[in-house]
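See below for the structure under consideration.
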Amino acid sequence: MSLLSGQSFQPGWEMKARLILQAGVFLILFYALFFYFYRKHFWGELEHRRLFFWTIGILAPVIIGKFAIFYFAKGYIPDHMLFFAVPSPKFSGWSWLLPVALSLGIFWRFYQKMENWTTAKFLAVLWIVFILFSVGVAGFRDGSLGIYEPFTRSQWDYAGDLPLVKSIPQFLRDYASLNPKLSVHGSVHPPGNVLVLYILQKIFKVDFLGLAMLVTGIGGAFVFPVYYFWRQFIPEAETRKLLSLFIFIPSIVMFSATSMDAIMMTFSWLALSVSFWGWKKGGLAAFIGGVLAGIALLMHFLFLLFGIVFLSFLVYLYQRADIRERLVIVKRAIWSLFGFLAFNAFLYFSTGYSVAANFFVAKSIHYNIAEASAPAVSAYLLFAFTNIFAFSFYFGISNIILFLWSGNRELFRNKKFLASIGFCAVFFFVLSGIFQGEVERLWLFLIPLFILPVNIALERSGVQPPAVISLLIFQIVTMQTLFYTYW
């Protein structure tokens, strides 16, 4: 196991055999039930059968390949190849099948009638389904321990920094001087995630399991800003169906309950949604969107790269406005920038915290921790391939197949500008060369950019969203049972 995993426990072969047997029994039962369900509801359509066989045909060799890499190649780069996980078949959370079954039962009944529900009721149910399903899946391997276990690794995780927080102003003021005492993640990121955990613990007085549940709830709240953002571009019925699919994207499900990155996704899209609304309608929304962008940057420095997405949607709005409206849009965008700068200035003058100083300190520490043991060019190319593969794989095999079937070259024409933004953002992130794997978790906030491309792919392929959702669940259950996905 990689040094970066933070794990030292190595079970003997007798225990391994028992764990593998339990996982095997569960998967056989699950596959039998899944095949019965899929055959009953989707087998009548040729495209659904093709999608089933293509998904299985890709998933199986990828799993075999990851197992082979793990057992025959060791080191920092092999650990990250294809995706960042340890082959470790395990299933012991039988009781955690209950929230999974409950969430899917609610979802199945809800999906049939969701077009008739109010927006508030639709989003509330979707949010609850996501929380139940994500938490249940996280409990597959070790029950409740599997959900909160990342929070127990004080040397690595943000939760290890909680004893250093006496108050929010004190923590921000002393953040730079505290750096040598911070956890690995805390030392290379801004203080926002630690402060979120601190605030949640102060308000709710919960243990690590409670924190994990609350973090999942905040991460799952991405459905609210994402819905209101894309509702401006896509008809109501289509937006609801697409968002119902996106709560089952493997990367979002598998890392919302066991990492802090889903929180950044929520804040990033809240900032983008409010900013875009402000650019269109005016008022205080543009300024508030800038303040929210400052808060999102406090969660993760990667939000700086998300600026290219803000700029892309601003350009989209600008190009479609007449001459008089263009000047108004520019003024509103300046108000967003002012809100962003005002928030960071407030932090600096009230607490002494400098996001710029924090960034450069974190950058130097990061390169000392994550250093590939290979020549620069070969490492760059290997990680470029791995980043594209891991992001695509965790986005969902069935979704990628639909992209390939639908011939999405037209996405890069002007009339499909909005649909191309996600692809361009991924290309830009890969080209930057700053990511050494783990993008299936780190790039969660890019996932909602692909709502429009998925919509186009579904329309062209004739595949029904429930069939895709079923195969996404199949991939999630398989991956969660066969691999230990840590961060």
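Scope of the values below: all heavy atoms of this structure, side chains included, with no hydrogens, waters or symmetry mates.
- For Glu47 and Arg50, the salt-bridge test passes: some basic side-chain N is under 4.0 Å from an acidic carboxylate O.
- Side-chain contact between Val194 and Phe171 is present, with heavy atoms from C-beta onward closer than 4.5 Å.
- The side-chain heavy atoms of Phe445 and Val309, taken from C-beta on, include no pair separated by under 4.5 Å.
- Residue Trp277 places its CH2 atom among 12 or fewer non-hydrogen atoms of other residues, nucleotides or ligands, all under 6.0 Å distant.
- Separation of the Phe83 and Phe483 ring centroids falls under the 6.0 Å cut-off.
- Side-chain contact check for Leu458 versus Pro465: some heavy-atom pair is nearer than 4.5 Å.
- None of Trp269, Phe310, Phe267 except one satisfies the ring-ring contact (aromatic ring centres under 6.0 Å, His included) rule with Phe303; the exception is Phe310.
- Judged by distance alone, the side chain of Ser336 and the main-chain N or O of Ala286 form a donor-acceptor pair under 3.5 Å.
- Side chain of Lys66 to backbone of Phe84: no donor-acceptor contact under 3.5 angstrom is found.
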Quiz item: Does the pair Phe313 and Leu418 meet the rule for a side-chain contact (heavy atoms from CB on, under 4.5 Å), with working shown?
Solution: CA-CA 8 Å; Phe313 283 106; Leu418 285 178; 3.3 Å; yes
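- No side-chain donor-acceptor contact under 3.5 Å links Ser256 to the backbone of Val253.
- Note that CG of Asp174 is 9.0 Å distant from NZ of Lys181, once rounded to the nearest 0.5 Å.
- Shortest non-hydrogen contact noted between Pro250 and Ile476 is CA-CG1, 3.6 Å.
- Ring orientation note: the planes of Phe151 and Phe208 are close to parallel, at an angle under 30° on the 30°/60° scale.
- Note that CG of Leu211 is 7.0 Å distant from CG of Leu162, once rounded to the nearest 0.5 Å.
- Under a 3.5 Å cut-off, the side chain of Thr266 and the backbone N or O of Gly219 do form a donor-acceptor pair.
- Side-chain atoms of Asn358 do not come within 3.5 Å of backbone N or O of Ser354 as any donor-acceptor pair.
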Quiz item: Can you list the steps and then say if Tyr380 with Leu431 is a side-chain contact (heavy atoms from CB on, under 4.5 Å)?
Solution: CA-CA 9 Å; Tyr380 176 87; Leu431 198 64; 3.7 Å; yes
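- Contact detail for Val274 and Gly289: the closest heavy-atom pair is CG1-N, 3.7 Å.
- A donor-acceptor pair under 3.5 Å links the side-chain atoms of Thr239 to the main chain of Ile234, judged by distance alone.
- Contact of the Ile252 side chain with the Phe222 side chain is registered, since non-hydrogen atoms from C-beta on lie closer than 4.5 Å.
- The nearest pair of heavy atoms linking Leu51 to Ser398 is CD1-O, 3.9 Å.
- Two residues are said to be in side-chain contact when any heavy atoms from C-beta on lie closer than 4.5 Å; Pro89 and Phe67 meet this criterion.
- Counting heavy atoms from C-beta outward, Phe393 and Leu59 have side chains that approach closer than 4.5 Å.
- Note that OG of Ser251 and CE of Met265 are 8.0 Å apart. Values are rounded to the nearest 0.5 Å.
- For the pair Phe428 and Ile308, the minimum side-chain heavy-atom distance is below 4.5 Å.
- For the pair Ile447 and Phe391, the minimum side-chain heavy-atom distance is below 4.5 Å.
- Aromatic rings from Phe435 and Trp443 are positioned such that their centres are separated by under 6.0 Å.
- A side chain to side chain donor-acceptor pair (under 3.5 Å) with Tyr484 is found for exactly one of Arg141, Lys90, Glu149, namely Glu149.
- Listed by first and then second residue, the salt bridge (charged side-chain N to carboxylate O under 4.0 Å, His left out) pairs involving residues 379-398 amount to none (not counting sequence neighbours).
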Exercise. Tell me, with the steps shown, if Ser183 and Asp157 meet side chain to side chain donor-acceptor pair (under 3.5 Å).
Key: CA-CA 6 Å; Ser183 64; Asp157 183 58; over 6 Å; no
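- Ring pair Phe276/Phe233 is tilted by interplanar angle, where 30° to 60° counts as tilted.
- Under a 3.5 Å cut-off, the side chain of His300 and the backbone N or O of Asp261 do not form any donor-acceptor pair.
- Atom CZ of Phe30 has more than 12 heavy atoms from other residues, nucleotides or ligands within 6.0 Å.
- Atom CD1 of Ile147 sits about 3.5 Å away from atom CH2 of Trp96, to the nearest 0.5 Å.
- Taking all atoms of both residues into account, the shortest heavy-atom contact from Leu446 to Ala425 is CD2-CB, 4.2 Å.
- A donor-acceptor contact shorter than 3.5 Å links the side chain of Ser432 to the backbone of Phe429.
- Taking the six-membered ring where the residue is Trp, Phe91 and Phe140 present perpendicular rings, their angle passing 60° and hence far from 30°.
- Applying the ring-ring contact (aromatic ring centres under 6.0 Å, His included) test between Phe474 and each of Phe35, Tyr31, Phe248, Phe42 identifies Tyr31 as the sole match.
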Quiz item: What's the verdict on side-chain contact (heavy atoms from CB on, under 4.5 Å) for Leu471 and Ile401, showing C-alpha distance, side-chain angles and the deciding distance?
Solution: CA-CA 11 Å; Leu471 291 169; Ile401 293 171; over 6 Å; no
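- A pairwise comparison of heavy atoms in Ala85 and Pro87 identifies O-CD, 3.7 Å as the closest pair.
- Trp230 places no side-chain N or O within donor-acceptor distance of the main-chain N or O of Leu452, the cut-off being under 3.5 Å.
- Within the 3.5 Å criterion, the main-chain N or O of Tyr394 finds no donor-acceptor partner in the side chain of Glu440.
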Exercise. For the pair Leu304 and Phe359, evaluate side-chain contact (heavy atoms from CB on, under 4.5 Å) and give the outcome as yes or no after the intermediate values.
Key: CA-CA 11 Å; Leu304 290 170; Phe359 173 78; 4.1 Å; yes
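- Atom CD of Gln232 is surrounded by more than 12 heavy atoms from other residues, nucleotides or ligands within 6.0 Å.
- Between atom CZ of residue Phe130 and atom CG of residue Leu132 there is a gap of 11.0 Å, rounded to the nearest 0.5 Å.
- The heavy-atom pair separating Leu442 from Leu302 by the smallest distance is O-CD1, 3.6 Å.
- Remark: Asn193 CG to Asp161 CG distance equals 10.5 Å, nearest 0.5 Å.
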